[in-house]
Amino acid sequence: MFDDTIAAISTAVSEAGISIIRISGPEAVSAADRIFRTPKGNRILKEVPTHTIHYGYIVDGEETVDEVLVSVMRAPRSFTAEDIVEINCHGGILSTRRVLETVLACGVRAAEPGEFTRRAFLNGRIDLSQAEAVGLLIGAKNEYALRNSVSQLKGSVLEAISRLRGEILHVVAGIEAALDDPEHYSAEEMADRLRENVGGWQRQIRKLIDSAQDGRMITEGVRTVIVGRPNAGKSSLMNYLAGADLSIVTEIAGTTRDVLTQTINLRGVTLLLTDTAGIRRAVDKVEKIGVERARENARGADFILYVVDSSVSLDESDQEIMDLLRTEKKPALILLNKTDLVPVTTEEALREELGRYGLSSLPVLPVSVTGGSGLGQAEDKIIEIVYGGRLSVSEGLTITSVRQKNLLVQAAGSLEKVSTSIEMNMPEDFLTIDLMDACDALGAITGEQAGEDLINEIFSKFCMGK
Amino acid sequence: MAERTENIQRDKVIEDQVDVAVIGAGHAGCEAALACARLGLKTVIFTMSVDSIALMPCNPSVGGSSKGHLVREVDALGGEMGKVIDQTFIQSRMLNVSKGPAVHSLRAQADKAAYSRTMRQVLENTPNLRIRQSEVMEIITEEGKITGVRIRSGMILPCRACILCTGTYLQAKCIYGDVEIYTGPNGLEAANHLTASLLDHGIRMMRFKTGTPARADGRTIDYSKMTEQKGDRRVVPFSFETDPESVQKEQVSCWLTYTNEETHRIIRANLDRSPLFSGVIEGTGPRYCPSIEDKVVRFADKDRHQVFIEPEGLSTNEMYIGGMSSSLPDDVQVAMYRTVPGLEHMEIVKNAYAIEYDCIDPAQLKETLEFKNIAGLFGGGQINGSSGYEEAAAQGLLAGINAAMYVLGKEPLVIDRSEGYIGVLVDDLVTKENREPYRMMTSRAEYRLLLRQDNADLRLTEKGYRVGLISEERWQKLCRKKEQIEAEIDRVEHTVIGGSETVQTFLEEHGSQRLKSGTTIGELIRRPELDYDTLSPLDPERPELPVDVREQVNINIKYEGYIERQKRQVEQFKKLEKRLIPENIRYEEIAGLRIEARQKLEKFRPSSVGQASRISGVSPADISVLLVWLQAAARRGETAGKE
């Protein structure tokens with residue numbers, strides 16, 4: 001917890017800018033050496049002077065992951081007062097993630113929220129007067145990570161991991177119950193079950209790792225909500241954005257049947273697009289509820305797309321939405337739709353109205369979704385807003401997903417060890433050691449803490465005697 | 001008011017001061033008192049009845065999975081339980097021998113009467129130790145320190161330390177059917193006054209429950225319908241000091257039979273008469289030791305449950321009906337027991353019953369088993385919310401040692417989770433929310449590959465020696481053993497063996513692959529099908545070594561990979577254990593801690609960051625916040641020091 005080597009993405013992930021992956025700890029330099037190659041392949045970081053920058057590539061085996069600049073700062077003259085290597089990647093969520101994954105594969109641990117700051121403080125790099133602020137920051141970062149880590153997982157994935165963990169835990173409990181009460185239970189039965197199942201578990205985890213690889217596991221992306229009055233063209237916009245790129249990764253039924261969420265890859269940016277149109281249709285008669293649901297969605301969003309119908313005049317719903325934009329203070333793009341029809345609400349009228357809500361700084365673009373005009377600019381604008389600093393995709397999202405994948409890899413490794421131990425004919429009590437490690441790794445993804453889980457499982461499923 | 005005045009006058013009657021007063025003479029009390037007296041302190045042990053010293057009110061056995069480890073550890077530290085059971089066992093088995101060495105565990109059937117008598121003789125013949133039959137009514141403190149105890153007659157016995165080992169006696173109530181009897185186990189007098197005094201001193205109490213099955217007249221049991229369970233051919237003693245030859249003797253058998261649908265039908269039909277289900281019993285019972293009615297309800301899909309018939313001793317016909325504890329009415333008990341094959345005509349000598357008793361919330365204890373809020377007051381055994389003779393003995397010994405260290409002004413003895421099952425037991429008690437009597441289990445020990453019963457001496461005897469409970473002679477013997485183990489491991493790892501025809505034939509004969517190139521004896525030991533002893537024909541240079549040394553060499557080489565892994569985990573664990581938290585820490589001042597964490601930390605007031613990290617509801621982030629705060633406090637302290 002104190003002196004191992006940790007890594008994390010230390011900048012907000014963005015498409016346009018450069019992202020920095022920071023590695024800190026005693027193994028930082030040697031870990032970086034394993035994956036960094038200079039163009040001529042002649043330089044190793046272990047030998048370079050401190051506080052120097054080097055150009056080269058991050059490689060994963062034979063494959064080049066990214067072109068990078070790497071800076072080396074040796075202890076104690078670094079942010080954490082430990083050896084630090086910073087990898088400046090070309091950016092982009094995907095490549096940044098790949099680099100981080102490559103680093104983590106070298107036995108480096110994913111940093112806990114706020115851990116760099118904690119180390120910096122513990123190593124005397126941060127002024128004493130900042131102690132309280134550091135404490136608060138760690139607490140807050142962790143709260144954020146907690147809130148995000150599970151909510152990011154697709155429901156079905158969460159369920160699959162949780163079920164898998166439950167199965168493993170049950171087998172461990174069965175073996176442990178037999179070890180603790182050999183006169184009432186025999187470990188053989190559970191060991192047989194283990195032998196039958198361990199291969200299947202490994203396959204399941206491998207599948208999950210694959211799905212983590214291509215992003216199917218995690219609902220990662222910019223949470224984007226489309227709002228607007230009925231018939232303003234929200235569904236058409238949704239269909240357009242979805243159709244614009246056929247690499248729609250997944251379709252998720254949200255918490256309510258009425259909310260339609262799609263993961264859309266827009267020029268490398270992943271948008272988690274929620275169309276609130278469905279809401280309106282489903283609860284047409286109870287308009288109030290519809291607005292409330294839109295509000296709820298908007299509250300959880302990173303970015304709002306507001307569609308205005310230019311062929312009719314602004315109405316009460318538009319006022320509700322503007323009020324919402326004002327209170328939520330979220331980055332937003334306003335699309336004045338249906339420019340191919342006779343304008344009733346002009347751009348000027350709309351801007352004037354927005355001004356009354358203090359929203360004049362929001363960008364407005366005239367488009368015709370069905371007519372196909374202005375859509376290219378709209379896409380440009382979305383990308384600009386997402387990566388132009390107006391919207392920060394928090395490091396939390398990427399980091400958590402990398403950590404989750406890393407935990408899956410760990411669980412797979414533990415099960416691999418179980419298989420080896422079974423082949424070596426090790427007694428059952430050795431098998432449970434690695435099985436519990438697998439459970440712990442899976443539990444760290446789902447937020448289920450081992451703690452008393454095992455003891456509870458033993459007591460509830462196995463009748464211990466005396 | 002009259003009584004109060006009387007009490008004040010009685011205050012004047014004072015007995016001679018002692019160093020340590022031990023309240024209760026069960027398995028915890030005996031170990032506690034012996035430890036203090038052997039360390040040279042003037043010690044008195046109170047018991048409700050001298051005839052119930054070291055009583056086994058429930059099962060007639062010592063040890064078992066993980067409990068056997070505890071007995072070994074007690075012995076390694078200089079305790080008594082292992083020696084007494086070695087003298088008084090009537091059957092012994094090593095459990096789990098087909099499993100890894102970490103879960104091998106000794107269990108012995110005891111001759112209960114002989115066990116009690118032998119322990120009583122040890123107590124009676126220990127210098128500095130006095131036995132006193134009386135109920136202790138009150139503890140007396142001054143300025144947060146224990147100063148004495150008041151006994152039934154009203155007399156005050158001044159003492160410097162006091163150890164509570166009251167077992168199941170505090171406001172004890174025995175229950176079966178609609179019968180409620182206010183006695184301790186086995187009809188013994190309950191201790192009805194001390195709870196109030198503890199409450200007066202701000203100690204939080206809980207009410208726990210446990211139970212015991214019936215004892216049958218052995219002459220009325222038909223053993224021909226049961227499966228015989230014999231002891232091991234070669235008995236291994238509990239104590240590292242017992243001569244292994246002295247425990248090879250004739251053993252008696254236990255018997256296995258089963259309940260059936262008829263048993264379960266009778267139980268179900270009478271559930272409404274069970275105090276457990278009618279709500280008469282308020283105490284929390286253990287899930288691991290359910291009554292038979294509990295088993296039938298909770299595991300309804302099981303069509304039978306095992307029943308172990310175990311002798312209570314050589315001088316009695318009483319047989320313990322293991323697996324069928326109950327608090328059903330007497331008549332239902334008779335009917336239900338008689339449905340079991342072999343018990344058709346059984347006569348009950350003592351009926352089954354549940355017992356409720358007061359215990360403390362162990363969150364109030366330090367890892368030394370001293371109360372956080374009263375200096376010199378310690379708790380050991382069932383009063384701390386545990387169950388089992390072995391758990392009690394282990395805590396009694398630790399509490400005894402630490403009471404002595406307190407009186408002598410020496411460093412307390414702390415055993416952590418990586419050093420012994422005792423450490424796991426105590427740490428679980430003081431850092432977890434205990435809602436039922438705590439039983440030791442091997443699955444609770446995360447470093448169990450290191451905490452084997454075979455190496456308890458290597459792990460703990462040094463501590464016992466430093467404390468003063470282990471003789472110089474025993475210590476020197478252990479040092480020699482350690483040297484022999486290390487030297488032999490080193491030799492075996494460096495003894496190269498070539499692929500001669502003798503070697504290849506030998507390997508084939510033992511179902512092992514032929515050698516492709518030279519290797520070491522050590523490498524061959526690691527092969528699953530081989531071990532140290534088997535390889536002796538290939539190892540002509542091998543010195544003559546005692547069996548316990550050979551065992552250690554074998555285990556350490558064979559399981560080296562796993563053992564090394566756990567050792568690395570222990571290193572990490574120790575780092576947080578060493579970060580101590582000042583006793584006067586104010587958690588409400590630490591910004592960034594979540595409210596739940598703050599409340600839990602306030603309740604448990606852990607002594608180290610490691611301990612804090614094991615409290616449920618305290619997250620890793622809270623630990624980070626705590627570390628930052630501690631560091632800041634330390635730096636502030638340094639700055640203040642310089643000024």
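Quick note on labels: first sequence line is chain A, next is B, and so on, each numbered from 1.
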Do the charged groups of B:K99 and A:D429 touch, with an N to O distance under 4.0 Å?
no
Count the heavy atoms of every other residue, nucleotide or ligand shown that sit under 6.0 Å from CD of B:E228, and state whether that count exceeds 12.
yes
Which of the residues B:R444, B:K302, B:H305 is involved in the greatest number of heavy-atom pairs with chain A at under 4.5 angstrom?
B:R444
Out of B:V625, B:T442, B:I292, return the one with the most heavy atom pairs under 4.5 angstrom to chain A.
B:T442
Who in residues 185-199 of chain A is close to chain B, using a strict under-4.5 Å heavy-atom cut-off?
A:Y185, A:A187, A:E188
Option passing ring pair (Phe, Tyr, Trp, His ring centres under 6.0 Å) with A:H184 (candidates B:F299, B:F308, B:Y258):
B:F308
Contact origin within A:I126 toward chain B - heavy atom pairs under 4.5 Å
backbone
Hey, would you say the A:F116 and A:F79 ring centroids sit under 6.0 Å apart?
no
Chain B contact via A:A178 - side chain, backbone, both or neither, heavy atoms under 4.5 Å
backbone
With a 4.5 Å cut-off on heavy-atom pairs, point out which of A:I433, A:I175, A:D434 contacts chain B the most.
A:D434
Partner chain A: residue of B:R527, B:R448, B:R298, B:R614 with the largest heavy-atom pair count (under 4.5 Å):
B:R448
Does B:M441 offer a backbone N or O that forms a donor-acceptor pair with the side chain of A:D180 under 3.5 Å?
no
Sole candidate of A:R119, A:R118, A:R22 that passes salt bridge (charged side-chain N to carboxylate O under 4.0 Å, His left out) when paired with A:E82:
A:R119
Any side-chain heavy atom of B:I525 sitting closer than 4.5 Å to one from B:L530?
no
Region of B:L449 in contact with chain A, defined by heavy-atom distances below 4.5 Å
side chain
Residue from B:R107, B:R439, B:K67 passing salt bridge (charged side-chain N to carboxylate O under 4.0 Å, His left out) with B:E390:
B:K67
Counting only non-hydrogen atoms closer than 4.5 Å, does B:E446 touch chain A with its backbone (N, CA, C, O), its side chain (CB onward), both, or neither?
neither
Using 4.0 Å as the upper bound for N to carboxylate O, is an ion pair formed by B:E588 and B:R598?
no
Using non-hydrogen atoms and a 4.5 Å limit, figure out which bit of B:E436 sits close to chain A: side chain, backbone, both or neither.
side chain
Donor-acceptor contact present, side-chain B:D428 to main-chain B:L425, <3.5 Å
no
